[in-house]
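So the structure is just underneath, and the comments pick up after that.
The shown structure was predicted, so the numbers you read here are calculated from the model rather than taken from an experiment. Note that these values count all heavy atoms, side chains included, but never hydrogens, waters or copies made by symmetry. Just so it is clear: chains get the letters A, B, ... in the order the sequence lines come, proteins before strands, and each one is counted from 1.
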Amino acid sequence: QDAVSACLITKTDTNPFFVKMKEGAEAKAAELGVTLKSFAGKIDGDHETQVAAIETCIADGAKGILIAASDTSAIVQSVQKARDAGLLVIALDTPLNPIDAADATFATDNFLAGELIGKWAAGKLGAEAANAKIAMLDLAVSQPSVDVLRDQGFLTGFGIDVGDANKWGDESDPRIVGHDVTAGNEEGGRKAMENLLAKDPMINMVYTINEPSAAGAYEALKSIGRENDVTIVSVDGGCPGVANVKDGVIGATSQQYPLQMAALGVEAIKAWADNGAKPAPTEGKDFFDTGVKLVTDQPVEGVDSIDTAEGESLCWG
Amino acid sequence: MTNQTEADRGLLGQSEAVASFEHENTLLSRVQHALHSNPALVPLIVLVASVLVFGVLLGGKFFSSFALTLILQQVAIVGIVGTAQSLVILTAGIDLSVGAIMVLSSVIMGQFTFKLGLPPAVAIACGLVVGTFIGFINGWLIARIKLPPFIVTLGMWQIALATNFLYSGNETIRAQEIEVNAPLLQFFGQSFSVGGAVFTYGVIFFIGIVLILAYVLRHTAWGRHVYAVGDDPDAAALSGVNTKRILISVYALSGLICAFAGWVLIGRIGSVSPTSGQSANIESITAVVIGGISLFGGRGSILGMFFGALIVGVFSLGLRLLGADAQWTYLLIGALIIAAVAVDQWIRKVSA
Amino acid sequence: MTNQTEADRGLLGQSEAVASFEHENTLLSRVQHALHSNPALVPLIVLVASVLVFGVLLGGKFFSSFALTLILQQVAIVGIVGTAQSLVILTAGIDLSVGAIMVLSSVIMGQFTFKLGLPPAVAIACGLVVGTFIGFINGWLIARIKLPPFIVTLGMWQIALATNFLYSGNETIRAQEIEVNAPLLQFFGQSFSVGGAVFTYGVIFFIGIVLILAYVLRHTAWGRHVYAVGDDPDAAALSGVNTKRILISVYALSGLICAFAGWVLIGRIGSVSPTSGQSANIESITAVVIGGISLFGGRGSILGMFFGALIVGVFSLGLRLLGADAQWTYLLIGALIIAAVAVDQWIRKVSA
Amino acid sequence: MEPILYARNLNKRYGRVTALDNCDFDLMPGEILAVIGDNGAGKSSLIKALSGAIRPDSGDIFLEGQRVAFSSPIDARLAGVETVYQTLAMSPALSIADNMFMGRELRKPGFMGKVLRQLDRPAMERIARKKLSELGLMTIQNINQAVETLSGGQRQGVAVARAAAFGSKVIILDEPTAALGVKESRKVLDLIQDVRSRGIPIILISHNMPHVFEVANRIHVHRLGRRLCVIDPKDYTMSDAVAFMTGAKAAPGATSAAA
Amino acid sequence: MEPILYARNLNKRYGRVTALDNCDFDLMPGEILAVIGDNGAGKSSLIKALSGAIRPDSGDIFLEGQRVAFSSPIDARLAGVETVYQTLAMSPALSIADNMFMGRELRKPGFMGKVLRQLDRPAMERIARKKLSELGLMTIQNINQAVETLSGGQRQGVAVARAAAFGSKVIILDEPTAALGVKESRKVLDLIQDVRSRGIPIILISHNMPHVFEVANRIHVHRLGRRLCVIDPKDYTMSDAVAFMTGAKAAPGATSAAA
Ligand SMILES: Nc1ncnc2c1ncn2[C@@H]1O[C@H](COP(=O)(O)OP(=O)(O)OP(=O)(O)O)[C@@H](O)[C@H]1O
Ligand SMILES: Nc1ncnc2c1ncn2[C@@H]1O[C@H](COP(=O)(O)OP(=O)(O)OP(=O)(O)O)[C@@H](O)[C@H]1O
Ligand SMILES: O[C@@H]1[C@H](O)[C@H](O)CO[C@H]1O
Ligand SMILES: [Mg+2]
Ligand SMILES: [Mg+2]
């Protein structure tokens with residue numbers, strides 16, 4: 001019998017999140033004797049490269065595809081082609097739209113991830129939350145779905161009306177000083193933070209799309225000596241991010257589990273190739289929730305969290 | 001009679017024969033001549049060589065009609081945009097806004113159909129008009145206000161892309177919906193097969209536009225003027241070319257072609273997605289340059305760009321099938337782009 | 001005696017006076033002359049005008065020393081890379097690999113310190129050497145193999161970036177760690193303040209390199225040769241310029257400057273992050289073109305690039321402060337870039 | 001008789017350099033008017049202003065009694081004024097035939113030409129070859145050669161052939177024989193007289209006094225950006241003309257002899 | 001006497017065009033050798049091969065008895081061979097002074113020059129102005145003008161001044177007076193004789209027979225890519241020379257008179 005071959009298609013392979021996802025998949029594939037080929041877009045949002053990757057996998061005779069889609073709706077047709085060709089398609093990290101376009105989904109609930117840090121932030125400020133000055137450091141002007149879900153989740157958790165939940169930037173709450181985009185890296189995080197500080201130097205709460213942009217925002221605050229007056233919250237739970245929580249750079253972060261997503265995905269493809277079994281979703285949800293945990297050393301009443309020691313034992317990169 | 005004519009008296013009885021030298025007519029010299037008169041031959045040779053190399057490495061997996069026609073499908077969009085880019089680069093310009101025009105046009109086609117409820121044909125026409133109009137603005141700023149093409153199209157890129165995001169609300173229109181309500185939008189995604197080889201209408205459009213533009217550039221006055229403007233704009237203007245009109249028409253046509261690419265894009269990805277096409281500018285320029293068109297204008301052929309786009313397509317698919325992971329693929333494609341052009345240069349040199 | 005000399009007899013007793021015309025020495029004509037002899041003045045005017053406009057619109061918020069020095073900090077990296085880009089573009093080339101060289105060098109500085117355990121100073125030196133070496137390869141391919149700069153640096157961009165990701169394993173080195181173990185890496189992030197205005201060493205480096213290169217380009221033979229190569233490479237070669245050596249030295253120097261930019265980058269973002277600098281190429285080219293350097297080579301000044309970079313910085317911050325949201329800012333910057341160059345063009349025209 | 005083309009008080013400055021300084025100009029119907037003057041005197045600037053290639057800062061130009069303001073050489077061409085510029089104005093990468101017919105290409109007859117707008121290459125090549133042979137430029141081995149591969153003189157020959165083939169009202173030649181050989185120069189002089197005999201007036205800028213005195217009906221002497229005087233070649237010797245032009249002798253009837 | 005510079009059997013083809021066809025060449029010490037020939041005969045190709053600007057496909061070149069193979073004009077310049085090309089080879093956007101000193105700039109004395117490598121602009125401008133005045137190019141109003149803003153003749157004057165100022169063994173001039181006025185041409189001819197009297201031999205390509213016969217010691221007649229014959233201007237008339245060059249008369253002692 002031929003070795004089972006599988007494909008992993010991520011949004012990019014420059015984001016440590018996907019790098020770790022790939023490492024998890026490779027480790028599991030080696031363990032199960034599956035041949036894994038991985039593909040990635042050039043930048044977040046690079047949809048055509050993902051389409052080409054799916055076509056390549058079909059041409060290559062793969063048994064299944066694991067995909068973190070850049071455009072969750074647009075990819076559906078290509079996914080359908082793959083499924084028609086007999087491949088098992090599993091969405092990782094980002095559910096497709098509609099979610100049942102994939103055979104299964106192993107993902108973090110990104111809205112929930114945002115909501116957790118939002119609740120924590122509100123709890124941390126206490127009564128002062130009513131006068132908070134919030135900077136929102138988002139990903140990109142194209143507003144990919146993770147970007148919107150985490151941002152709107154945070155605001156919801158904080159107790160701010162989000163307006164249209166499908167986009168950020170249409171809120172009217174005066175506590176929001178502004179939104180700026182970071183490209184998800186340190187450089188962008190610093191510049192966005194500086195821009196918002198120039199607008200209002202008294203910002204005291206900073207939401208960031210991910211931990212690299214949080215680190216950049218911190219540098220901007222540090223350069224004007226306000227790093228101790230401002231709380232930064234973020235999402236991801238990578239090891240440098242958790243270390244930053246421990247060092248007080250980030251107040252709290254929502255941790256997700258990409259290695260687990262990947263490992264589960266590879267197992268599912270192996271099972272499908274061996275006996276045609278499809279994985280089942282989590283009870284009561286339409287996807288398999290790989291879970292999200294809030295990591296902080298300053299727990300807040302009413303919000304479940306783990307400390308950085310535990311966060312470090314679970315972190316991914 | 002002046003003394004000048006003293007010298008001129010020597011002219012009486014001069015020979016009226018045209019200069020002629022013996023020409024060796026060897027195979028080599030004929031090959032050399034062919035390479036000189038058809039600049040697109042060199043990228044074609046590089047293309048064939050790379051197909052052969054990957055064929056040997058990958059065997060039937062690569063040499064299947066499925067894989068080979070897949071390459072055509074995968075390069076069709078960049079290739080169509082590349083024809084627009086070629087026109088612009090032949091005038092010594094550059095168009096960074098091609099990808100943004102493409103995606104904005106496709107979003108307009110989709111949103112006008114689904115949000116405004118226009119008949120798909122009308123919505124498509126609107127998309128084409130908008131694309132042409134943006135191109136026209138580019139051309140007008142470049143030709144009339146004499147702004148550098150790089151800056152104008154850089155600015156337009158940002159403007160069109162932001163407009164696209166703002167207008168679409170970052171929403172994708174799903175393939176299923178389009179299929180049911182406005183299949184015309186997916187027209188270029190339809191395909192037919194000839195003995196296992198699958199051709200989409202998008203691919204046919206790509207090949208068609210390459211052939212049409214190759215004809216127009218070579219065999220019409222407009223085409224010669226495009227070359228003249230790129231070659232030396234002052235000389236072109238002095239020798240009677242309406243350089244402004246040519247520039248404006250080139251950019252407007254580029255916009256129109258990009259709008260068509262937007263329509264083809266809907267066919268390829270099924271849906272209307274505002275995040276597509278972000279790297280179309282750099283990829284189309286790459287195809288143009290690998291195809292041997294000079295970035296300084298006036299030299300090269302659109303057929304060369306066609307082969308250039310295919311070379312990149314062959315490398316990408318071949319490397320992916322070989323199982324190189326994404327970063328290694330980028331690294332190798334980087335090296336191969338340089339190598340392809342080096343081979344091109346070398347062939348030209350030995351054949352000079 | 002030939003007849004030619006019949007005409008020449010008319011030369012006896014000719015006037016030996018040099019041509020002279022009356023010159024009105026009005027203020028206008030002096031301004032015009034100043035604009036002609038200092039091409040960098042025009043972007044300076046645009047810069048001052050935009051600072052004034054935003055100052056009027058925003059008042060103290062913008063005219064604070066905080067905001068104004070912030071702009072310098074925000075443009076320092078693009079500006080440093082822009083000096084490298086200026087050199088290359090003056091030779092009629094282009095360097096798409098600047099951002100990749102910058103980030104790869106910074107990663108090498110970081111990883112050599114933390115993974116290989118080298119002393120930071122040595123690691124930094126290694127980073128600078130690698131940057132220079134990549135630039136040298138670019139220059140060698142362009143000058144010796146005669147490949148187009150666009151293709152060489154496009155390929156090198158992909159190669160350097162992929163190497164960066166592969167080598168670093170996409171791992172960030174955290175600011176806190178660097179601060180404790182290798183503060184030298186963050187050297188350029190340190191700052192001092194002069195009456196409320198905060199200057200980082202990175203900003204000082206930026207201003208310093210601009211001034212040094214302005215001197216070198218204007219007052220040394222090497223600088224004149226850079227212009228000559230960009231102006232007309234054939235003429236330069238025929239008139240005794242070693243064009244190959246100039247090209248190779250320009251690209252190598254560009255690599256070195258980008259490596260320094262990588263060091264400055266560590267200072268700015270605190271950490272060593274392999275995902276930085278992805279848009280440095282397009283942003284640096286933008287600064288160069290807005291600063292009035294011709295993409296066709298041979299014309300423009302590095303001071304112009306300096307003002308060009310600041311113009312973009314002023315617009316970005318100014319618009320954000322005016323409350324434009326992220327997407328609108330993006331759109332407006334596109335429009336303003338075009339407008340800035342249009343104003344530039346207009347000033348040149350009325351002053352011609 | 002009215003001049004067919006005349007200009008009054010043309011001025012053109014480039015930064016601190018004055019190229020035209022209140023310059024007047026007259027061309028009579030059917031004449032060959034030579035324009036002579038030192039290097040940098042402003043001769044090329046004058047004919048560029050006349051042919052729409054530059055816009056004078058001030059001054060008026062009249063063609064057949066009508067005031068004209070050509071905004072480009074195309075306008076001038078459409079009005080029948082054909083010019084060979086000193087820089088030749090050719091597209092280096094394009095072929096000889098392409099250059100000769102630039103802006104007035106011939107199209108195939110019938111469907112191919114009218115609908116598909118196809119160029120009639122064979123016809124254009126035939127005509128180009130004929131015009132060049134008339135000039136004796138027989139060392140051109142290949143009519144499809146790119147202009148950049150021609151020798152200096154061959155290039156100039158192509159430019160002159162183009163102007164002579166298409167000019168209808170006025171033909172302006174800026175140093176048309178500068179790079180030409182003895183044989184080719186002779187052909188151009190013959191051609192000039194041939195064109196004049198068809199009734200088309202010619203403006204000839206040249207530094208070659210024997211040529212000028214051989215063909216010109218009148219000589220416009222240009223000095224320091226303006227017309228110093230106009231002389232009849234039958235009344236003055238070459239030596240006189242050069243003396244006026246260089247300021248060695250006072251010009252006859254010059255209103256204000258410049259330094 | 002040995003020739004100072006000679007070449008044997010030079011060949012150069014461009015695609016289907018033959019520019020040099022087994023061409024021989026000899027330049028004697030201290031002489032002015034004129035090279036004449038039709039447009040496209042291959043004169044410029046010949047001197048480009050001699051000065052390192054193109055590499056011949058085959059054939060040998062000897063300077064002072066040594067075989068040389070210049071791989072670039074810089075090599076030739078270093079060996080003392082200075083050339084004014086027909087295309088002039090100037091950087092249009094740079095100033096007159098920059099162009100004259102391109103590749104051999106003067107540096108300030110002392111620290112500024114040695115360490116900071118600063119150019120001595122005042123000195124270069126002074127010398128440039130002096131050289132141009134010697135040529136009588138006094139209509140140049142501003143020594144810092146970009147070369148592209150000069151008139152055709154002014155540009156040529158700058159190129160000639162450059163070669164004359166720096167040539168030490170051989171000076172090659174490809175049609176140095178083509179665009180020059182009467183006055184300026186005279187100055188260049190004077191300059192050529194002046195240089196020769198300093199013992200430096202000169203190769204002069206020109207279509208102007210009176211000039212050639214005035215200054216040349218020997219005349220190399222070039223036809224169809226090769227040397228047809230070498231004549232002494234005292235033994236033949238201009239009319240003879242032109243007749244040889246154009247093929248109207250058989251050349252004296254020509255080994256194989258081409259068609
Ligand atoms: N574009 C320009 N910018 C600046 N100065 C210029 C420009 N064009 C011409 N000039 C100057 O104008 C003056 C006249 O130039 P023009 O070319 O008209 O002279 P000309 O009489 O044709 O000379 P020649 O016989 O050498 O061709 C010269 O001093 C020249 O330097
Ligand atoms: N780069 C080139 N490519 C192709 N053909 C060329 C090239 N350079 C010159 N030729 C051809 O070589 C031949 C000789 O040219 P060359 O310039 O040497 O002539 P020339 O004797 O200097 O003529 P002129 O008196 O007009 O300057 C011509 O037929 C020309 O078309
Ligand atoms: O969930 C992932 C990661 O968290 C990353 O930081 C951004 O892209 C998202 O899809
Ligand atoms: Mg002139
Ligand atoms: Mg020549």
TODO: Report, as yes or no, whether the 6.0 Å neighbourhood of atom OH on Y167(B) holds more than 12 heavy atoms from other residues, nucleotides or ligands.
DONE: yes

TODO: Can you measure from CD1 (I338(C)) to CD1 (I137(B)) and round to the nearest 0.5 angstrom?
DONE: 9.5 Å

Open item on the list: Heavy-atom cut-off 4.5 Å, strictly under: side chain, backbone, both or neither for L154(C) against chain B?
Closed with: side chain

Task: Distance in Å, Q158(C) CD paired with Q327(B) CD, rounded so as to fall on 0.5 Å steps - done: 9.5 Å

Task: Residue pair Y330(B) / L161(C), side-chain heavy-atom distance below 4.5 Å - done: no

TODO: Check whether A92(C) gets within reach of chain B through its side chain, its backbone, both or neither, counting any heavy atom under 4.5 Å.
DONE: both

Task: Residue part contacting chain B, namely of I290(C), when any heavy atom lies under 4.5 Å - done: both

Open item on the list: Heavy-atom pairs under 4.5 Å with chain B - which of L166(C), I145(C), I333(C), I337(C) has more of them than the others?
Closed with: L166(C)

Task: Nearest atoms (heavy-atom pairs only) where A162(B) meets L331(C) - done: CB-CB, 3.6 Å

Open item on the list: With a 4.5 Å cut-off on side-chain heavy atoms, are W157(B) and I282(C) touching?
Closed with: yes

Task: Euclidean distance, T286(C) OG1 relative to I151(B) CD1, rounded to 0.5 Å - done: 5.5 Å

Task: Under 4.5 Å from any heavy atom of chain B - which part of T163(C) - done: both

Task: Top contributor to chain B contacts, counting heavy-atom pairs under 4.5 Å, from G334(C), S294(C), A340(C), A326(C) - done: G334(C)

TODO: Find out whether P148(C) and V289(B) are in side-chain contact, i.e. whether some heavy atom of one side chain is under 4.5 Å from a heavy atom of the other.
DONE: yes

